[in-house]
Amino acid sequence: MSTVRTAHDVPASVPAGSLALGVYLMLLAVVFYVPFALSPLAQQNDVFMTNLYLGLGAFTAGSVLVAVDAAREAAHKPWLTAMLGTLAGVVAFAGVTAFFYGTQTFAGGAPVMAGYTALLLALGVFAGARGSHLIGRSRALLVGLSGGGLITLYYALLGGQYYDAYGLATYLPRFVDGQTSGLALLLGVGVFFLARFWVRRP
């Protein structure tokens, strides 16, 4: 038996899990790159390599998820689809260039990533701002932002701490250790499924 869908129902086609996960991953990348902006010495310490590669991977994956979602919503706006494609290409080029030319290019990574994230999300919201789609996308964004806030709080308070040869904590920023990586992964899974569950609710 088919059911009648009201105007307030969220369409099942809304890819809430992917959007929420994409937002979460992009925010995660910004958080992981903050140490490079806080301390130039972080770029010269191997202990921050996890921040570097996990952050780059998370940002690339998150950008793809959010851009694909926004492009799907912007199918009726060719100019917006072209803009999203251009942005994705610029980020891919910048990421590959930075990867091959060393960590000195990552000092300003966090603010650039944050700006790109905000721009991409704004375009995505504009593309999907219609009817019941807006409800689902708003819920997905809230879940992704909440997940990013939780990992930020944990990382700031309990992230890896670098100690000197005498066992004393140094002034270097916190780095991504195994516990932080594990929690980030679990939160990502939770964000994906929580968003899907919430959007299915009327």
Side-chain angles (χ1 to χ4, degrees), residues 14-39 41-69 91 95 98-99 103 106-118 120-121 124 136-164 167-201:
V14 176
S18 298
L19 176 59
L21 181 59
V23 173
Y24 168 77
L25 288 174
M26 295 183 77
L27 294 177
L28 184 69
V30 174
V31 173
F32 284 179
Y33 268 63
V34 166
F36 298 113
L38 294 178
S39 174
L41 295 178
Q43 304 173 54
Q44 306 168 15
N45 196 314
D46 290 343
V47 78
F48 289 93
M49 289 298 100
T50 304
N51 290 63
L52 181 65
Y53 294 114
L54 280 185
L56 181 59
F59 191 72
T60 302
S63 297
V64 170
L65 289 173
V66 175
V68 167
D69 176 82
V91 170
F99 180 82
T103 60
F106 286 105
V112 171
M113 285 178 170
Y116 176 78
T117 301
L120 190 57
L121 291 182
R137 294 173 69 80
S138 298
R139 290 180 177 181
L141 285 173
L142 181 58
V143 173
L145 291 171
S146 298
L150 287 176
I151 196 64
T152 299
L153 182 62
Y154 177 89
Y155 181 54
L157 298 177
L158 300 173
Q161 181 67 60
Y162 189 76
Y163 296 91
D164 60 19
L168 300 176
T170 66
Y171 54 85
L172 285 172
R174 292 185 179 274
F175 61 89
V176 177
D177 55 8
Q179 291 182 345
T180 305
S181 301
L183 179 61
L185 176 61
L186 290 176
L187 270 177
V189 174
V191 161
F192 178 80
F193 287 105
L194 178 59
R196 288 178 62 89
F197 172 77
W198 192 17
V199 167
R200 286 198 183 103
R201 296 178 63 87

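In this chain, residues are counted from 1 in sequence order.
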Inset, instruction - Kindly give the heavy-atom pair with the smallest separation between Arg174 and Pro35, and that separation in Å. - result: O-CG, 3.6 Å
Legend entry - Side-chain heavy atoms of Tyr33 within contact of Leu56, under 4.5 Å: yes
Legend entry - Inter-residue atom distance Met49.CE - Leu54.CG, 0.5 Å rounding: 11.5 Å
Inset, instruction - Check Ser39 against Leu172 and note the closest heavy-atom contact, atom names and distance. - result: OG-CD2, 3.7 Å
Inset, instruction - Can you measure from CG (Leu21) to CG (Leu187) and round to the nearest 0.5 angstrom? - result: 11.0 Å
Legend entry - Pairwise distance CZ(Phe36) to CG(Asn51) - rounded to 0.5 angstrom: 5.0 Å
Under 3.5 Å, which donor-acceptor pairs do the side chains of residues 179-186 form with other protein atoms, sequence neighbours left out?
residue : atom : partner : partner atom : Å
Thr180  : OG1  : Asp177  : OD1          : 2.6
Ser181  : OG   : Asp177  : O            : 3.0

Inset, instruction - For Val47, check side-chain contact (heavy atoms from CB on, under 4.5 Å) against everything at least two apart and list the hits. - result: Asn45, Tyr162, Phe175
Inset, instruction - Mind listing the closest non-hydrogen atom pair of Ala29 and Phe59 along with its distance? - result: CB-CB, 3.5 Å
Inset, instruction - With sequence neighbours left out, write down each residue that passes ring-ring contact (aromatic ring centres under 6.0 Å, His included) with Phe32, or none if nothing qualifies. - result: Tyr155
Legend entry - Separation of Leu28 CG from Leu150 CG (nearest 0.5 Å): 12.0 Å
Inset, instruction - Under the side-chain contact (heavy atoms from CB on, under 4.5 Å) rule, collect the residues that match up with Leu145, sequence neighbours excluded. - result: Val23, Leu27
Legend entry - Atom of Leu38, atom of Pro173 and distance for their closest heavy-atom approach: CB-CG, 4.0 Å
Legend entry - Over all atoms of both residues, closest heavy-atom pair of Ala140 and Ala195: CA-CB, 4.5 Å
Legend entry - Student check: side-chain heavy atoms of Arg137 and Asp69 closer than 4.5 Å: yes
